Number of protein chains: 2
Amino acid sequence: MVAPSLRARVRAGMIDEIKAVARRHLATDGANLSLRAVARDMGMVSSAIYRYFPSRDDLLTALILDAYEALGDAVEAADASTDRADLRGRWHAACRAARSWALAHPAEYALLYGSPVPGYAAPDDTVAPAQRPPVTLVGILRDGVAAGLLAPSGEELPEPLRSDVAELAALLAVDLPPALLARGMAGWTQLFGLISFELFGRINRTLPHRDEYFDHQTGLMADLIGLPAA
Amino acid sequence: MVAPSLRARVRAGMIDEIKAVARRHLATDGANLSLRAVARDMGMVSSAIYRYFPSRDDLLTALILDAYEALGDAVEAADASTDRADLRGRWHAACRAARSWALAHPAEYALLYGSPVPGYAAPDDTVAPAQRPPVTLVGILRDGVAAGLLAPSGEELPEPLRSDVAELAALLAVDLPPALLARGMAGWTQLFGLISFELFGRINRTLPHRDEYFDHQTGLMADLIGLPAA
DNA sequence: TTTCGTCAAGAGCACTGCTCTCGGTTTTGA
DNA sequence: TCAAAACCGAGAGCAGTGCTCTTGACGAAA
């Protein structure tokens with residue numbers, strides 16, 4: 001373990017600064033960020049950026065990866081800082097954390113969950129961080145079943161579907177009855193829809209009390225799952 | 001009512017052809033469609049397009065309006081062609097119609113429900129057509145209550161939220177108890193999330209039986225709403 | 001028939017992502 | 001220690017973009 005050379009350190013600093021400037025541009029200009037513009041902001045020439053990122057898409061990928069990690073951190077931290085036995089409280093905390101992060105970083109959220117950039121294909125590095133929020137959510141269900149706080153209803157899925165969802169459980173590394181996992185996925189799907197609707201402004205020019213609406217909607221899904229209050 | 005002049009007719013034809021070519025480009029290149037490319041495809045020069053659409057955003061707006069109407073037509077037709085008393089069947093039919101349209105026109109769906117184009121602000125003409133799918137869905141609930149097939153649970157929303165949702169009911173012109181409308185909105189939100197996840201490919205490289213998964217997920221929301229089978 | 005509105009074409013501007021070359025600096029290894 | 005290799009920023013240049021403006025031709029209306 002040798003200390004990184006001076007050159008490597010300034011290089012890492014440059015990469016961080018480029019990403020920071022790019023994030024700033026992202027917030028104002030949306031997904032079509034201009035390499036030349038960030039280069040200008042850094043007092044550089046556009047071609048110099050290519051020393052650090054081989055293409056614009058690679059810069060976007062780096063930003064996407066960072067954003068996934070930040071969102072995953074926020075959701076996991078919110079869940080972790082809630083009483084383990086309070087399943088419903090954990091659910092609400094995780095959902096609120098995702099929403100708060102999205103409201104604080106709308107452009108980055110759009111990058112993660114908006115329509116995919118046309119030519120751009122997300123590399124495989126992104127799938128693991130992308131799964132952290134849903135894994136956290138279904139992890140609450142897993143803990144609930146393990147602790148006996150969440151009784152599996154005994155409901156069974158019809159067959160082509162049951163094994164599909166069972167495979168999904170294996171992929172997410174959660175040991176859950178398929179029917180319950182399906183309900184958890186419904187909650188995750190609705191959470192994404194809620195945030196997207198609020199952020200992309202398609203819904204509710206009315207609905208001024210958005211916090212209350214959000215909590216109620218996520219509470220409905222907690223009901224559907226059967227999460228008990230503390 | 002005079003017959004439109006020849007000139008007006010060829011002009012209308014040109015507008016239609018431009019939109020058709022643009023839709024084709026949209027399908028392959030995504031949201032960043034090039035005016036010059038569609039002009040090339042039509043054997044024209046880019047500046048000629050501006051005789052018909054004052055800017056690229058106006059072309060996009062026209063495509064968006066058409067897409068909203070097409071999606072609205074599909075959802076409403078599916079609902080209308082189902083036995084009025086079969087609330088659950090109508091719900092499933094409307095949801096399936098939305099999904100089918102989205103799968104058949106992924107680029108246009110992304111235009112409607114993906115991340116908003118940065119500089120672009122949707123004009124007010126779009127809000128009415130955009131509301132047709134959710135209005136159709138909550139219309140099923142309204143019919144159910146009116147026909148006595150869907151019993152309001154008597155559940156009441158806490159106050160800041162209750163009047164918000166009541167206002168939303170007035171805006172959507174559906175006479176529904178707020179608590180029930182909130183559940184309907186949850187269903188609409190989840191439907192959007194389901195389609196987006198499937199279309200934008202973030203979810204389930206596994207889950208090969210997507211039709212069954214979709215039906216089960218929308219069925220869960222029908223359960224949450226309390227829609228009875230036929 | 002003449003005038004007026006419409007049309008396609010072309011040149012041009014400012015911008016984009018990206019490539020390549022050219023000097024200058026830093027790190028590396030013999 | 002010193003030359004070779006790697007790295008870095010600047011600049012020119014290419015192909016493409018949205019958009020504006022001007023020019024000349026055509027058809028419909030007065």
Side-chain angles (χ1 to χ4, degrees), chain A residues 1-19 21-26 28-64 107 111 116-121 123, chain B residues 2-19 21-26 28-64 107 111 116-121:
Chain A
M1 177 67 79
V2 60
S5 73
L6 171 70
R7 190 165 222 160
R9 289 211 314 275
V10 314
R11 180 181 176 84
M14 282 291 283
I15 290 182
D16 283 348
E17 189 177 344
I18 291 175
K19 289 199 287 189
V21 174
R23 252 186 293 265
R24 234 172 42 219
H25 272 82
L26 214 59
T28 66
D29 299 345
N32 49 3
L33 79 109
S34 155
L35 275 192
R36 293 180 115 112
V38 322
R40 266 196 302 273
D41 268 24
M42 301 186 57
M44 286 199 323
V45 131
S46 72
S47 58
I49 302 278
Y50 288 84
R51 298 283 172 194
Y52 302 93
F53 294 95
S55 81
R56 200 193 74 126
D57 280 1
D58 290 87
L59 212 194
L60 276 180
T61 300
L63 295 178
I64 288 176
L111 214 56
V117 184
Y120 175 82
Chain B
V2 59
S5 73
L6 170 70
R7 194 163 220 159
R9 289 212 313 276
V10 314
R11 180 180 177 84
M14 282 292 281
I15 288 182
D16 282 349
E17 188 176 345
I18 292 175
K19 288 200 287 189
V21 174
R23 253 187 292 266
R24 234 172 43 220
H25 272 82
L26 215 57
T28 67
D29 299 347
N32 49 2
L33 77 107
S34 154
L35 276 193
R36 293 180 117 111
V38 322
R40 264 195 304 271
D41 268 24
M42 302 187 56
M44 288 200 322
V45 130
S46 72
S47 57
I49 302 276
Y50 288 85
R51 297 280 170 195
Y52 302 94
F53 294 95
S55 80
R56 200 193 74 127
D57 281 2
D58 289 270
L59 212 193
L60 277 180
T61 300
L63 295 178
I64 288 176
L111 214 54
V117 183
Y120 175 81

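Every heavy atom of this structure was used, including side-chain atoms; hydrogens, water molecules and symmetry mates were not. Note that the structure is predicted; figures quoted are calculated from it, not measured.
A:Leu33 comes within 4.0 angstrom of sugar-phosphate atoms only, judged by non-hydrogen atoms across all strands, and of no base. Residue contacts for A:Met42: at a heavy-atom cut-off of 4.0 Å it reaches no nucleic acid atom on any strand shown.
In this view, A:Ser34 satisfies the side-chain hydrogen bond (donor to acceptor under 3.5 Å, both in side chains) rule with no residue, not counting sequence neighbours. Annotation: side-chain hydrogen bond (donor to acceptor under 3.5 Å, both in side chains) contacts of B:Asp41 (sequence neighbours excluded): B:Arg24. The side-chain hydrogen bond (donor to acceptor under 3.5 Å, both in side chains) search around B:Ser47 returns none, not counting sequence neighbours.
Within residues 45-53 of chain B, the residues that place at least one heavy atom under 4.0 Å from DNA chain C are, in residue-number order, B:Val45, B:Ser47, B:Ala48, B:Arg51, B:Tyr52.
Summarising the geometry, atom CG belonging to A:Leu59 is positioned 8.5 Å from atom NZ belonging to A:Lys19; distances are rounded to the nearest 0.5 Å. Of the inter-residue distances, the one linking B:Arg56 atom CZ with B:Ile49 atom CD1 reads 13.0 Å to the nearest 0.5 angstrom. One finds the CG atom of A:Asn32 at 9.0 Å from the CG atom of B:Asn32 (value rounded to the nearest 0.5 Å). To the nearest 0.5 Å, atoms CG (B:Leu111) and CD1 (B:Ile64) are separated by 4.0 Å.
Contact of the B:Met14 side chain with the B:Met44 side chain is registered, since non-hydrogen atoms from C-beta on lie closer than 4.5 Å. Between A:Phe53 and A:Ile15, some side-chain heavy-atom pair lies under the 4.5 Å cut-off.
No donor-acceptor pair under 3.5 Å is formed between the side chain of B:Arg23 and the backbone N or O of B:Ala107.
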Expected rows: protein N/O vs nucleotides 24-30 of chain D N/O, under 3.5 Å:
none

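At whole-Å resolution of the value, CZ in A:Arg56 and P in D:dG16 are 18 Å apart. One interatomic measurement links the two molecules: CG of B:Asn32 to P of D:dG16, which rounds to 15 Å at whole-angstrom precision.
Residue whose closest nucleotide on DNA chain C sits further toward the 5' end, between B:Met44 and A:Leu35: B:Met44.
With 3.5 Å as the limit, one finds no donor-acceptor pair spanning the side chains of A:Asp58 and A:Thr61.
A nucleotide of DNA chain C counts as in contact with chain B when one of its atoms lies under 4.0 Å from a heavy atom; the first and last such, 5' to 3', are C:dG5 to C:dG12.
Donor-acceptor pairing under 3.5 Å, judged by distance alone, is present between the side chain of B:Arg36 and the base of D:dG18.
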